[in-house]
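All remarks here apply to the structure that follows.
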There are 2 protein chains.
Amino acid sequence: MALAFLASRPGAFCSVREIVDDLKLPKRLLAEVLKDMSRATLVDATRGPGGGYRLAMDAKTLPLSRVVEVLEGPVSIADCGDGCSLQPSCLIQTGLTQVTASIRKVLDNMTVAELLEQTDTPAAKAILSV
Amino acid sequence: MALAFLASRPGAFCSVREIVDDLKLPKRLLAEVLKDMSRATLVDATRGPGGGYRLAMDAKTLPLSRVVEVLEGPVSIADCGDGCSLQPSCLIQTGLTQVTASIRKVLDNMTVAELLEQTDTPAAKAILSV
DNA sequence: ATAAAATAGCACCAAAATAGTGCCATACAA
DNA sequence: TTGTATGGCACTATTTTGGTGCTATTTTAT
């Protein structure tokens, strides 16, 4: 939600307060998340009055897969690595890998910009039009 | 894993003990899961000596989406219903719905039979060849 | 008949993941 | 130099999920 918000104000630095006021998110939590995204260079940050966050790239070049990776680690539906005790007898590891690849492709092929474009409710559009 | 196992023995009733011995799964847990699948008519069950479970349909006609629905409820990446307090200000609900639909399509288009076909490790193949 | 093999049901516990907070340090601009 | 804002990190709390205890009921081979 926050990235879509930033995408709607390209180039402008938006503070956590602004974002939270519009999107009704827990302030501290959003701050943590944006810190993570900043570390991952998904967003730029500036401090002090007038500071805040902005997308570090064009939203059209930011696939959801990248966002998911930053927030939750590698895209996968199961941890099928060597650490899994079931691996020796697992009949579906290879198949699940393929499913994961397909899902990853879905996330690769949708960007934050596209996510934002779909916004269609009046209340949401009102937020964007400010 | 269990459904792939059953798919490898079409028509035959397999007991929880047999499955667990081959797949090295916690017995009680698999029993719970198979009960759920039985209630959802994904598998047939028979009791008594020689009893067990078998797929209720051809594995080729059993998409993973159906399995996921039985085990985890409706396929979705977020609970965007009316119950969500963020809905009024959510910029991405519609977009996420589209992503969910795409992922659902992935799961619709892969069957338990296909999952099983991908099995390629020697140890796993040994289980199938018995 | 009856004992053994197996599922049915349901409550419960434990571990892991996730949502959310406390607290302080650091930077920046008016 | 003061107020605004991010940076970092540990911590708590809640939810979800993996897993268990126990008992009842059904089935079939002997």
Side-chain angles (χ1 to χ4, degrees), chain A residues 1-3 5-6 9 12-21 23-56 67-81 83-86 90, chain B residues 1-3 5-6 9 12-21 23-56 67-81 83-86 90:
Chain A
M1 287 173 68
L3 291 178
F5 183 92
L6 293 180
R9 282 143 170 86
F13 282 97
C14 304
S15 72
V16 170
R17 175 170 307 282
E18 289 177 67
I19 302 173
V20 158
D21 284 348
L23 301 186
K24 315 296 183 195
L25 300 168
K27 183 180 175 189
R28 283 287 279 101
L29 180 59
L30 176 61
E32 279 314 301
V33 169
L34 284 172
K35 278 183 228 176
D36 290 343
M37 296 202 180
S38 176
R39 276 174 224 144
T41 71
L42 241 71
V43 298
D44 299 324
T46 66
R47 307 192 202 191
Y53 296 97
R54 73 177 177 198
L55 286 184
V67 179
V68 171
E69 275 161 15
V70 168
L71 295 178
E72 312 187 22
V75 175
S76 84
I77 57 175
D79 292 342
C80 289
C84 178
S85 63
L86 302 173
C90 188
Chain B
M1 287 174 67
L3 290 178
F5 183 92
L6 293 180
R9 282 144 170 85
F13 283 97
C14 303
S15 71
V16 170
R17 165 151 274 112
E18 289 176 68
I19 301 173
V20 157
D21 284 347
L23 301 186
K24 315 298 183 194
L25 300 168
K27 185 180 174 189
R28 277 293 269 95
L29 180 59
L30 177 61
E32 276 320 296
V33 170
L34 284 172
K35 276 184 231 177
D36 290 342
M37 296 203 180
S38 177
R39 276 175 225 141
T41 71
L42 244 68
V43 299
D44 299 322
T46 66
R47 308 191 198 193
Y53 296 96
R54 75 178 175 197
L55 286 183
V67 179
V68 171
E69 276 163 15
V70 168
L71 295 178
E72 311 187 23
V75 174
S76 83
I77 59 176
D79 291 344
C80 290
C84 179
S85 64
L86 302 174
C90 187

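The sequence lines fix the lettering, A, B, ..., with proteins before strands; numbering per chain opens at 1.
Straight-line distance from the CZ atom of F13(B) to the P atom of dT27(D): 12 Å, rounded to whole Å. Here the C1' atom of nucleotide dA5(C) and the CZ atom of R17(B) are 9 Å apart, to the nearest Å. Following rounding to the nearest Å, I19(B) (CD1) and dA6(C) (P) show an atom-to-atom distance of 11 Å. The nearest whole Å value for the distance from the CG atom in L30(B) to the C1' atom in dA8(C) is 15 Å.
Toward the 5′ end of DNA chain C lies the nearest nucleotide of G50(B), the other residue of the pair G50(B) and K27(A) mapping further downstream.
Listed by chain and residue number, nothing satisfies the side chain to side chain donor-acceptor pair (under 3.5 Å) test with R9(A) (two or more places apart in sequence, or in another chain). The side chain to side chain donor-acceptor pair (under 3.5 Å) search around R54(A) returns D44(A), not counting sequence neighbours. In terms of the side chain to side chain donor-acceptor pair (under 3.5 Å) criterion, residue partners of R39(B) (sequence neighbours excluded) are, by chain and number, D36(B). Qualifying side chain to side chain donor-acceptor pair (under 3.5 Å) partners for E32(B), counting only residues two or more places apart in sequence or in other chains: R28(B), K35(B). Partners of R47(B) according to the salt bridge (Lys or Arg N to Asp or Glu O under 4.0 Å) rule, which considers only residues two or more places apart in sequence or in another chain, do not exist here.
In this structure, CG on L3(B) lies 7.5 Å from CG on L34(B), to the nearest 0.5 angstrom.
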**OP:** For each nucleotide in nucleotides 7-18 of chain D, reading 5' to 3', give B when a protein heavy atom comes within less than 4.0 Å of its base, S when such contact involves only the sugar-phosphate, and - otherwise.
**Re:** BBB---------

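Here dT4(D) is the nucleotide among dA5(D), dG20(C), dT4(D) with the atom lying nearest to any side-chain atom of P49(A).
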